[in-house]
*Asks:* 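Quick one: the structure is below, and I'll ask about it shortly.
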There are 2 protein chains.
Amino acid sequence: MNAVIDQALEAPTRFLEVNGTSYAYRRFGRPSQVPLVGFQHFTGTLDNWDPALLNGLAEAREVIIFDNAGVGSSGGQTPDKVAGMTADAVAFLRALQLEQIDVLGFSLGGFIAQQLAVQHPALVRKVILVGTAPQGAQVLRGFPELIQKAMQLPPAERFLFIFFTGSAPSRAAGEATLQRLWARTEDRDRDASVQAVTAQINAITTWGTDPVTLDLSTLRQPVLIVQGSHDEMMASENAYLLYRQLPNAMLTYYPDAAHGSFFQYPELFVHQANYFLNHIH
Amino acid sequence: MNAVIDQALEAPTRFLEVNGTSYAYRRFGRPSQVPLVGFQHFTGTLDNWDPALLNGLAEAREVIIFDNAGVGSSGGQTPDKVAGMTADAVAFLRALQLEQIDVLGFSLGGFIAQQLAVQHPALVRKVILVGTAPQGAQVLRGFPELIQKAMQLPPAERFLFIFFTGSAPSRAAGEATLQRLWARTEDRDRDASVQAVTAQINAITTWGTDPVTLDLSTLRQPVLIVQGSHDEMMASENAYLLYRQLPNAMLTYYPDAAHGSFFQYPELFVHQANYFLNHIH
């Protein structure tokens with residue numbers, strides 16, 4: 001298992017300049033025709049992807065994670081709407097000369113993944129959405145208050161509060177995730193800036209309050225939705241509402257799990273995601 | 001894989017007499033403290049369990065399948081209510097001197113599994129429910145007409161109509177399931193009798209129309225729910241309604257799948273079910 005784990009931990013941070021903006025990214029795993037590109041959550045950077053998940057996915061395909069414009073070690077400004085973030089991501093993906101990708105969107109990254117898949121159907125082959133919500137989701141109105149509450153906690157407790165439930169098994173899984181996230185000691189990414197965080201909060205809340213523009217029923221790509229049973233950030237029910245709008249989707253609720261459902265069950269998620277990416281059409 | 005497949009196919013049919021009724025059953029797999037007991041669907045017998053599923057489950061634990069009273073090669077009469085079927089099953093399980101079991105309930109078998117788990121919490125450790133619905137499910141009112149429609153088709157087409165969608169990949173998976181179900185040529189079970197079928201239709205429709213007596217919120221056992229995206233027999237939405245009532249559950253919808261969701265994705269189901277039985281508490 002160690003040789004595998006090293007892939008995500010040891011992948012060097014690379015940079016690609018696109019229209020004057022430098023994008024930080026890491027690329028690793030088994031070379032494949034269709035790489036899997038990860039779209040990160042609110043405040044998340046390259047170092048917030050659980051290596052256990054990345055390595056499990058990288059056994060079967062190439063994995064690319066990146067900091068969108070204004071995030072972490074990337075240059076530029078973070079847009080304050082999901083549409084702008086999607087446009088930045090497309091510029092980066094085009095500059096990498098990728099013709100077709102699979103997408104893993106987590107939380108805010110799941111909003112971008114939805115917009116990308118609807119607007120760029122030739123680019124996106126399959127979509128995995130974790131802990132996310134469709135446009136117009138009611139719960140997002142309360143996002144700033146929830147984040148305010150989280151910010152008053154010390155970092156490790158904040159992480160557990162957001163991504164795990166209060167149960168002993170969930171918290172233990174959270175501690176294990178933290179150890180994996182801290183395992184990389186060299187070539188770490190920068191934290192998200194105040195500008196990025198502020199813009200992301202606006203993008204998240206307006207995803208809920210702005211008029212719905214995406215018609216998810218037009219999304220022909222296969223979609224795998226993974227959600228925790230007790231996700232306060234996105235409200236667990238939103239995953240079912242999302243599922244109901246999609247013509248070709250698979251949905252799983254993980255038990256006793258909050259916003260970090262896939263952190264809590266890495267083996268289960270990796271098997272499910274690889275099965276989906278390899279076999280579902 | 002052949003050595004494994006042989007387990008379900010070659011397990012001999014055994015008989016156990018309980019209060020004057022002879023129960024037909026098969027028991028195989030890796031000896032384990034908590035065996036998994038399968039509760040079969042409407043008209044189903046020992047030969048309607050997909051060997052690919054049974055063998056995958058039997059790699060990790062002992063598996064028991066049986067004909068409830070009046071079904072297949074078992075003696076006695078089939079009760080016309082789920083409560084009576086549950087009482088018969090309990091008598092059989094007690095006679096086998098089983099102290100604790102995991103339960104796999106498919107369709108009508110899922111109704112019995114729910115009743116068993118609520119009424120016998122010490123007997124039932126974990127519950128897997130496939131293609132089933134909670135008490136009071138609206139759709140069950142139309143069950144006799146749907147069966148009437150199915151019965152006008154030749155057997156193989158009837159099987160595909162009930163358990164698979166109209167898509168080419170789903171039908172191909174259905175043909176593969178049929179080949180697996182037909183692979184056993186010796187020591188096959190008897191078909192369900194007219195008495196059993198008539199009683200089962202009544203049990204299924206009254207599960208939907210009788211007053212709700214089970215409080216699923218009291219069910220503390222972990223539950224895994226698996227459902228097809230396009231199940232006309234049980235209406236796919238019922239799985240979510242069931243999920244919402246359970247305090248500790250995991251839910252998965254398989255894509256492009258009808259009532260036989262787990263037949264269509266045996267590898268996925270086996271991994272998910274074994275993970276659930278081994279790791280979820």
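So that the names make sense, note that chain A is the first sequence line, chain B the second, and so on, each numbered from 1.
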*Asks:* Which answer fits Leu251(B), side chain, backbone, both or neither, if we ask what part of it has an atom under 4.5 Å from a heavy atom of chain A?
*Replies:*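 Contact with chain A is through both the backbone and side chain of Leu251(B).
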
*Asks:* Using a 6.0 Å cut-off, check whether atom CD of Gln221(B) has over 12 heavy atoms from anything other than its own residue.
*Replies:*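 Yes, because the 6.0 Å sphere around CD of Gln221(B) holds more than 12 heavy atoms from other groups.
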
*Asks:* Angle class for the Tyr243(B)/Tyr253(A) ring planes (parallel below 30°, perpendicular above 60°, tilted otherwise)?
*Replies:*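 Ring orientation, 0 to 90° scale: parallel.
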
*Asks:* Crowded around Glu145(B) CD? As in, over 12 foreign heavy atoms under 6.0 Å?
*Replies:*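 Atom CD in Glu145(B) is crowded, with more than 12 foreign heavy atoms closer than 6.0 Å.
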
*Asks:* Applying side-chain contact (heavy atoms from CB on, under 4.5 Å), run through Met250(B) and Leu268(A) and close with a yes or a no.
*Replies:* CA-CA 12 Å; Met250(B) 176 169 170; Leu268(A) 188 61; 3.4 Å; yes

*Asks:* Counting heavy atoms not belonging to Gln245(B), are there more than 12 under 6.0 Å from its CD?
*Replies:*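 Buried by this count: over 12 neighbours within 6.0 Å.
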
*Asks:* So how far is it from Leu246(A) CG to Ser229(B) OG, rounded to the nearest 0.5 Å?
*Replies:*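 These two atoms lie 11.5 Å from each other.
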
*Asks:* Let's test your reading of the structure: which of Glu267(A), Arg244(A), His281(A), Gln272(A) forms the most heavy-atom pairs below 4.5 Å with chain B?
*Replies:*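 Looking at each option in turn, the highest pair count goes to Glu267(A).
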
*Asks:* How many angstroms lie between CG in Asn274(A) and NE2 in His271(B), if you round to the nearest 0.5 Å?
*Replies:*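 Rounded to the nearest 0.5 Å, the CG-NE2 separation comes out at 10.0 Å.
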
*Asks:* How close do Ala249(B) and Pro255(A) get, heavy atom to heavy atom, and via which atoms?
*Replies:*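 Closest approach of Ala249(B) to Pro255(A): O-CB, 3.5 Å.
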
*Asks:* Which word best sums up how the rings of Tyr265(B) and Tyr275(A) line up, parallel for under 30°, tilted for 30 to 60°, or perpendicular for over 60°?
*Replies:*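 Correct class here is perpendicular.
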
*Asks:* Just wondering, more than 12 heavy atoms not from Glu99(A) lying within 6.0 Å of its CD?
*Replies:*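 Open: at most 12 neighbouring heavy atoms sit under 6.0 Å from CD of Glu99(A).
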
